[in-house]
Amino acid sequence: MNLETLKEKPLFQMTGEEFIFLQNKLNHEVPLKKIQPEKREKLVYGILGIANLFGCSKSSANRLKKSGIIDKAIIQNGRKIIVDAELALELMKESK
């Protein structure tokens, strides 16, 4: 089978054997890039977000916030509360 003619042939006209041959040839020619996950901040919002993050009630989450253990992970503007989840978990782990 000629690779160039197969590349030009429409997919619906190929036999299964031709398609598999073409796919195998092209997979060996194109190097695969290693995909690295992007480091993105995981943010949670509000007292309910803290409660979900730590698996506790809202009143326990409120006590945790007021205790100051996770203050470095909290950004608050008025009533809006934003928490960096990874940092909050690290701070909680260090406090134990």
Practice task
Any chance you could measure Ser67, atom OG, to Lys65, atom NZ, to the nearest 0.5 Å?
Solution key: 10.0 Å
Exercise for the section: Please confirm whether the backbone N or O of Thr15 pairs with a side-chain atom of Glu18, one donor and one acceptor, at under 3.5 Å? Expected result: yes
Exercise for the section: Decide if atom NZ of Lys72 counts as having more than 12 heavy atoms of other residues, nucleotides or ligands within a radius under 6.0 Å. Expected result: no
Completion exercise
Scanning both residues in full, the closest heavy-atom pair of Ile70 with Ala88 reads CG2-O, 3.8 Å
Problem - Closest heavy-atom pair and its distance - Lys58, Ile47 - result: O-CG2, 3.5 Å
Problem - Spacing of Leu89 atom CG and Leu53 atom CG [to the nearest 0.5 Å] - result: 4.5 Å
Practice task
To the nearest 0.5 Å, tell me how far Glu17 CD sits from Leu22 CG.
Solution key: 12.5 Å
Handout entry: Distance, nearest 0.5 Å, that separates CG of Leu87 from CE of Met92
Key = 12.5 Å
Handout entry: Shortest non-hydrogen contact between Ser57 and Ala51, atoms and distance
Key = O-CB, 3.8 Å
Practice task
Identify whether Val44 and Ile81 are in the same connected component of the hydrophobic contact network (ILVMFWY, side-chain heavy atoms under 4.5 Å).
Solution key: yes
Fill in the blank from the handout: d(Asp84 CG, Glu90 CD) to nearest 0.5 Å is 8.5 Å
Exercise for the section: State plainly whether one hydrophobic cluster holds both Leu11 and Ile20, where clusters connect Ile, Leu, Val, Met, Phe, Trp and Tyr through side-chain heavy atoms under 4.5 angstrom apart. Expected result: no
Exercise for the section: Using modelled atom types only, decide if a donor and an acceptor are shared between the side chain of Glu4 and the backbone of Leu6 within a distance under 3.5 Å. Expected result: no
Practice task
Working to the nearest 0.5 Å, report the span between CD1 of Ile50 and OH of Tyr45.
Solution key: 13.0 Å
